[in-house]
There are 2 protein chains.
Amino acid sequence: MNAGRTARDRARAELTQEIKDAARRQLVAEGAERLSLRAVSRELGMVSSALYRYFPSRDDLLTALIIDAYDALGAEAEKVGRREQDPRSAWVAVCHAVRGWARSHPQEYTLIYGSPVAGYKAPQTTIQPASRVPILMIGLLAKAEEAGALASPEGAREPSGVLAEQVATIAELAPGVPAKVLTRAVMAWAQLFGLISFELYGQLVGTMDPADEFFADAMEQLADFVGLHAA
Amino acid sequence: MNAGRTARDRARAELTQEIKDAARRQLVAEGAERLSLRAVSRELGMVSSALYRYFPSRDDLLTALIIDAYDALGAEAEKVGRREQDPRSAWVAVCHAVRGWARSHPQEYTLIYGSPVAGYKAPQTTIQPASRVPILMIGLLAKAEEAGALASPEGAREPSGVLAEQVATIAELAPGVPAKVLTRAVMAWAQLFGLISFELYGQLVGTMDPADEFFADAMEQLADFVGLHAA
DNA sequence: CGCTGTCAAGAGCAGTGCTCTCGATTTAGC
DNA sequence: GCTAAATCGAGAGCACTGCTCTTGACAGCG
């Protein structure tokens with residue numbers, strides 16, 4: 001469990017964590033674009049230039065927070081998903097868990113699923129933690145398929161051309177799941193985040209807000225849509 | 001067409017428009033949060049403090065741009081919608097128009113449908129232009145219903161409780177359209193913007209990107225989903 | 001003509017990200 | 001154990017930002 005060999009290494013690791021924690025507090029309180037290195041350094045009682053020994057730029061600090069946020073959401077979703085036996089229940093529970101996490105961590109949600117921070121270019125290191133939840137949900141479809149509890153959607157066209165190739169890359173994660181289900185899964189994925197973003201950013205005010213019942217209804221319909229049988 | 005009576009009034013109206021135009025250029029080039037009053041004033045050859053005679057704050061300038069963006073998208077969608085006879089074709093065409101506008105005006109799209117700018121609170125004046133597109137799409141459903149071309153979705157539960165009340169407020173815009181269709185319409189609305197945001201913000205990279213075929217397929221399925229018959 | 005309201009300009013405040021230099025301290029190699 | 005190298009926090013400074021306040025000039029109206 002010894003993080004580093006020398007005292008300096010340990011101190012560095014600890015301080016790095018403290019910086020991230022202070023930055024996260026600021027993020028939660030003020031939002032991503034108001035996250036200020038100088039304010040973080042003030043909170044830690046150090047001078048602003050010292051921060052640059054730990055994070056080369058503000059964007060790098062943001063990247064660290066982004067990865068942490070993806071991992072936190074991924075861990076939460078996986079935990080909830082494991083609790084359910086039946087794939088459909090797990091799918092619906094994961095959807096509700098994602099919404100719950102987004103509502104209790106709106107700034108972190110915005111950081112990863114909102115519009116990108118100006119001038120910020122996400123590095124490759126974020127895509128692995130970013131794919132935890134989608135992989136989890138695709139996995140649930142595969143599990144349902146194995147159990148024979150996945151219906152192939154009616155009326156949907158069989159993907160062809162470029163779309164068929166794209167679906168094929170996803171299909172590697174879920175052998176046996178029909179292509180028509182996979183395109184619907186991506187639709188469902190976007191639907192989930194569209195609804196959450198609308199709710200969080202006030203686009204539903206005046207109509208479906210508060211959205212608890214509407215969201216629950218939508219998630220049931222979405223589970224039907226991707227072919228998950230009701231238990 | 002005379003904007004103001006005195007020369008001063010006319011100059012003021014012109015300058016206000018010039019400020020908005022310069023600000024929009026900056027928005028397109030740099031993004032909303034990098035929009036700088038000082039840079040706008042530099043471009044116009046005036047001093048920064050003079051801008052405050054026209055827009056009391058940066059947020060007020062943003063509000064003006066937001067309203068313009070909503071109106072531009074709304075006008076575009078309405079134009080495309082009018083070109084189509086059949087409600088389903090119009091619905092699908094409007095969806096594609098929204099995506100097209102978003103792709104050609106990503107910063108303006110982000111301004112109105114992305115995560116809110118930090119500390120910015122949208123004033124009431126934005127909600128009327130914001131509702132042009134949803135009202136248009138609900139109207140298409142009502143038109144289809146009148147023509148007897150709207151199928152009531154199977155498998156969907158009839159809304160009850162709070163949800164039923166919420167749907168009732170929407171139903172005033174679309175008399176005759178079944179409640180089950182209206183909840184699906186809101187889902188479709190969120191689906192559309194979820195997909196566009198995913199595409200714009202790189203969440204589809206590695207899977208469905210480029211998204212043209214996928215988007216087209218999704219929109220057809222979505223039209224089915226809300227009960228619009230294929231022509 | 002003179003008053004009043006409007007205007008652009010400029011200085012200034014408090015804040016930002018980031019760079020560079022400067023001693024002090026710790027680590028690592030011999 | 002001693003020295004050279006790496007690392008560290010501190011501080012000054014640059015080029016920005018939104019915004020406020022004051023000042024002096026000008027236009028419009030009675």
Side-chain angles (χ1 to χ4, degrees), chain A residues 2-20 22-23 25-27 29-66 111 116-121 123, chain B residues 2-20 22-23 25-27 29-66 111 116-121 123:
Chain A
N2 212 346
R5 293 169 300 118
T6 74
R8 183 176 268 171
D9 283 348
R10 265 180 287 118
R12 183 177 180 86
E14 271 180 33
L15 228 152
T16 303
Q17 189 59 48
E18 278 180 40
I19 292 172
K20 281 207 293 185
R25 278 192 293 273
Q26 284 226 350
L27 171 73
E30 301 280 351
E33 54 196 289
R34 291 201 172 174
L35 172 67
S36 145
L37 288 185
R38 293 182 111 112
V40 170
S41 69
R42 271 196 301 271
E43 185 177 330
L44 296 179
M46 58 200 308
V47 93
S48 70
S49 58
L51 276 186
Y52 288 83
R53 301 236 180 248
Y54 298 86
F55 294 93
S57 75
R58 199 185 99 106
D59 280 1
D60 290 273
L61 180 53
L62 275 181
T63 298
L65 295 182
I66 286 173
L111 190 60
V117 180
Y120 176 81
K121 195 83 198 85
Chain B
N2 212 343
R5 291 168 300 117
T6 74
R8 185 177 269 171
D9 283 348
R10 265 182 285 116
R12 183 178 181 84
E14 271 181 34
L15 201 57
T16 303
Q17 189 58 49
E18 277 181 41
I19 292 172
K20 280 206 294 185
R25 278 192 293 273
Q26 283 227 350
L27 171 74
E30 301 280 351
E33 53 196 291
R34 290 199 173 175
L35 171 67
S36 144
L37 289 185
R38 293 181 112 112
V40 169
S41 69
R42 270 196 303 272
E43 186 178 330
L44 296 179
M46 58 202 304
V47 94
S48 68
S49 57
L51 278 185
Y52 289 84
R53 300 229 175 252
Y54 298 86
F55 294 94
S57 75
R58 186 180 177 272
D59 280 2
D60 290 272
L61 181 52
L62 274 180
T63 299
L65 295 182
I66 286 174
L111 190 59
V117 180
Y120 176 81
K121 195 82 197 84

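Here the structure is a predicted model, which is why all the values come from computation and not from measurement. Protein chains get the first letters and strands the later ones, always in sequence-line order, with residue 1 at the start of each.
The side chain of B/Leu37 has D/dG18 as its nearest neighbour among C/dG17, C/dT27, D/dG18. Residue B/Ser49 places its side chain closer to C/dA9 than to any other of D/dC19, D/dC8, C/dA9. Of the candidates C/dC7, C/dT26, D/dA10, C/dT26 carries the atom nearest the A/Arg8 side chain, counting heavy atoms from C-beta on.
When the side-chain nitrogen and oxygen atoms of B/Ser36 are compared with OP1 and OP2 of D/dT17, one or more of them lie within a distance under 4.0 Å. Taking 4.0 angstrom as the limit, B/Tyr52 places none of its side-chain polar atoms (N or O) nearer than this to OP1 or OP2 of D/dC21.
Using a 4.0 Å heavy-atom criterion, one finds that A/Leu44 contacts no nucleic acid atom at all. Looking at heavy-atom distances under 4.0 Å, A/Ser48 makes contact with a base. Within the nucleic acid shown, A/Leu35 comes within 4.0 Å of sugar-phosphate atoms alone, with no base atom in reach, counting heavy atoms only. B/Leu15 comes within 4.0 angstrom of sugar-phosphate atoms only, judged by non-hydrogen atoms across all strands, and of no base. Among the heavy atoms of the strands lying under 4.0 Å from B/Arg42 are primed sugar atoms or P, OP1, OP2 only; no base atom is included. Across all strands shown, A/Tyr54 has heavy atoms under 4.0 Å from sugar-phosphate atoms exclusively, and none from any base.
Between the C1' atom of D/dT7 and the CG atom of A/Leu51 lies a distance of 16 Å, rounded to the nearest Å. Across the protein-nucleic acid pair, B/Arg58 atom CZ and D/dT20 atom C1' stand 18 Å apart, rounded to whole Å. Here the C1' atom of nucleotide C/dT19 and the CZ atom of A/Arg53 are 11 Å apart, to the nearest Å.
Remark: the A/Tyr120 side chain and the A/Thr63 side chain contain an N/O donor-acceptor pair separated by less than 3.5 Å.
Between the A/Arg38 side chain and the A/Ser49 main chain, no donor and acceptor come within less than 3.5 Å of each other.
For C/dG17, the base has a donor-acceptor partner in the side chain of A/Arg38 [N/O atoms by modelled type, under 3.5 angstrom].
Interatomic distance, CD of A/Glu30 versus CZ of A/Arg25, reported as 13.5 Å (0.5 Å rounding).
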